[in-house]
Q: 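Below is the structure I would like to discuss, written out as structure tokens.
We name chains A, B, ... by the order of the sequence lines, and we start the count at 1 in each one.
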Amino acid sequence: MSQVRTRFAPSPTGYMHIGGMRTALFNWLWARHCGGQFILRIDDTDQARNQEAALRPILQAFRWLGLNWDEGAEIGGPYAPYYQSQRGALYQEAAQKLEAAGLAYRDFSTREEVDADRKQADKEKRPYINIRRSLELTDTQKADLVAQGRPWVLRFLIPRDTKVQLDDHIRGHVEWDCSLLPDPVIQRADGSPLYNFATVVDDAQMQISHVIRAEEHLSNTPIQILLHQALGNTLPQFAHVPYVASPGSKEKMSKRKTEQYRKAPAFQKMFERADEVFPQLGLGNSETLNPVMVEYYERIGYLPAAVLNALGRLGWSLDDSTEIMSLDTMVKHFTLDRVVQAPAGFDPDKLFSFQGHWMKELPLDQKVAGCLPYLVQAQLIAEPVTDAVRQYVEQIIVAWGDRLKLFSDILGARYFFRDDLVYDEKMFDKRVRKEGVPAHLAAFRQRLVEVDPFTVPNLETALTAYCQEVGEQTGTLIHALRLSTTGQAVGPGVYDCLALLGKDKSLARIDAALAR
RNA sequence: GGCCCCAUCGUCUAACCCGGUUAGGACACAGGGUUUUCAUCCCUGCAAUAGGGGUUCAAAUCCCCUUGGGGUCACCA
């Protein structure tokens, strides 16, 4: 096969959509699988807003996930520039070429006229296509109108007597009857190009071999194919990937619908998590950062490997049983013909389970590196982080074990850094304020004074010995100690907790609990 | 509404192209075991071919229809 070149062409919207990320991943995967190039082009035709700021989160999402691009934004390349806003001359040239060949025409009709035509067609229950009045104008009439300063747009002349055929890598054979297609505007009165046109010009000029994009572009495709043909371009291959649906629905996931996702059972936990974590980090809450955006996953402490794995398995499979896949594995096996045709609902639970897997695989030093920023941002530890603190955090992470799923879970270790404990009152009542327990706790507290060094094995020996002597179950003391020293009913092993806290703090907290 | 796409457990999917499997796996859920918490880990269970017609010895698989779901219909991208 000749050189494979794929592209992802986001418009700078200020955030990276998780569904768009999946499409980008498939493009990247196909390029890498084939040893080709992946291009990141910016579709910023007539965007008034702040480019820089609106683009940053998108590029950051690619960097975070490790999806590098061979040409495009920031790095340039042989087909530069890669920003549509800077490629005006190319579009002008192509538009002139079409007009000169009689394949596009100047349309002098006003928006009002077009709207009226459309309404009329609607009323008569027939499909709307352009009436093409401007086509009947003589050259002198047209020149007059131009002289009068009448604005016009350039429309592509759809060849109404043909059919467009597409053999899509995912959808298969699709056909459209051109007699039903309105003539699309390809250039505005001010000379700026429209998306459908700019895309065609760019894809051809950048030698894109495979246009892999979301299904919602399928209806744009006949026009683009026609445009390519009119321009004399070699047609790229097309692959229309089904869109990503929101959890528990079949509808395309959309940022505009975040309010309803907030209440959807499958999504709810992610929003709650955001409201719990982000305020502690000074990052707003689920209003500012929600699970539709890639940045949510980065900020809440997901691993790129987990997000990539989940995205890769959404609408694509390697075989009948492989679930856990590294990026390398996906590159090795990815093919377009194994992309599923039906929309896939995003599944937060499954992502979470992938996360559990990849977090378990992560070497300790990387876990520490991942958690440290959270502790700093939540002001639980100071910056710069000293070796002693770093070591302490490492010990906590070891004790935390597989309970640490997201990096932000480390915020649950607050009681190792702060003395104002948050008590789980219900459990405190159940495990501490219970017949006989305070007495045991007080008695064992005295034994603790003698434990030296204050280590896990010594603590365990002491507790077992005490319980045997007094004929009490170890569980009674274990639970009481955990509630007293951490305030919580769940967490790392209680001996780990005591050892990590050290003798002084442990004793003080037991005293405080007994005094409550 | 026009055009187009889609349809297997609750979810993601395998098997479909080239008809023959007790329709497989994973997540979730339920139960059990290990860890006197929780998490991990192990075992077990639950659970699907939308409906109707064809074709065929045989249909999840091929064809048609119905139903349902979705996307798109801009001088947005």
Q: Rounding to the closest angstrom, what is the interatomic distance between B/C57 and B/C16 at atom P?
A: 23 Å

Q: Check RNA chain B against residues 168-178 of chain A and give the residues with a non-hydrogen atom under 4.0 Å, in numerical order.
A: A/Arg171, A/Val174, A/Glu175, A/Trp176

Q: Can you tell me how far P of B/C5 sits from CG of A/Leu218, to the nearest Å?
A: 7 Å

Q: Within less than 4.0 Å of OP1 or OP2 of B/C41, is there a side-chain N or O belonging to A/Lys360?
A: yes

Q: With a cut-off of less than 4.0 Å, is there a side-chain N or O of A/Ser219 near OP1 or OP2 of B/C4?
A: no

Q: With distance as the sole criterion, do the side chain of A/Arg403 and the base of B/U37 form a donor-acceptor contact below 3.5 Å?
A: yes

Q: Taking only nitrogen or oxygen atoms into account, show me every contact under 3.5 Å that the protein makes with nucleotides 59-61 of chain B, one pair per line with its distance.
A:
none

Q: Verify ring-ring contact (aromatic ring centres under 6.0 Å, His included) between A/Tyr243 and A/His17, making sure each step is shown before the conclusion.
A: CA-CA 12 Å; A/Tyr243 57 86; A/His17 190 285; over 10 Å; no

Q: Where do N or O atoms of nucleotides 18-20 of chain B meet protein N or O atoms at under 3.5 Å, pair by pair?
A:
none

Q: When the P atoms of B/G20 and B/A59 are considered, how many whole Å apart are they?
A: 11 Å

Q: Please tabulate the protein-to-nucleotide N/O contacts below 3.5 Å involving nucleotides 43-50 of chain B, giving atom names and distances.
A:
none

Q: From CG of A/Asn309 over to C1' of B/U13, roughly how many Å is that when rounded to an integer?
A: 14 Å

Q: Go along nucleotides 21-26 of chain B 5' to 3' and tag each nucleotide: B for a protein heavy atom under 4.0 Å from its base, S when only backbone or sugar atoms are that close, - otherwise.
A: ---BBB

Q: Can you tell me, in whole Å, how much space there is between the P of B/C9 and that of B/A47?
A: 14 Å

Q: Tell me what A/Gly401 touches on the nucleic acid: a base, only sugar-phosphate, or nothing, going by heavy atoms under 4.0 Å.
A: nothing

Q: In chain order, what residues pass the side chain to side chain donor-acceptor pair (under 3.5 Å) check against A/Thr322, with sequence neighbours excluded?
A: A/Asp319

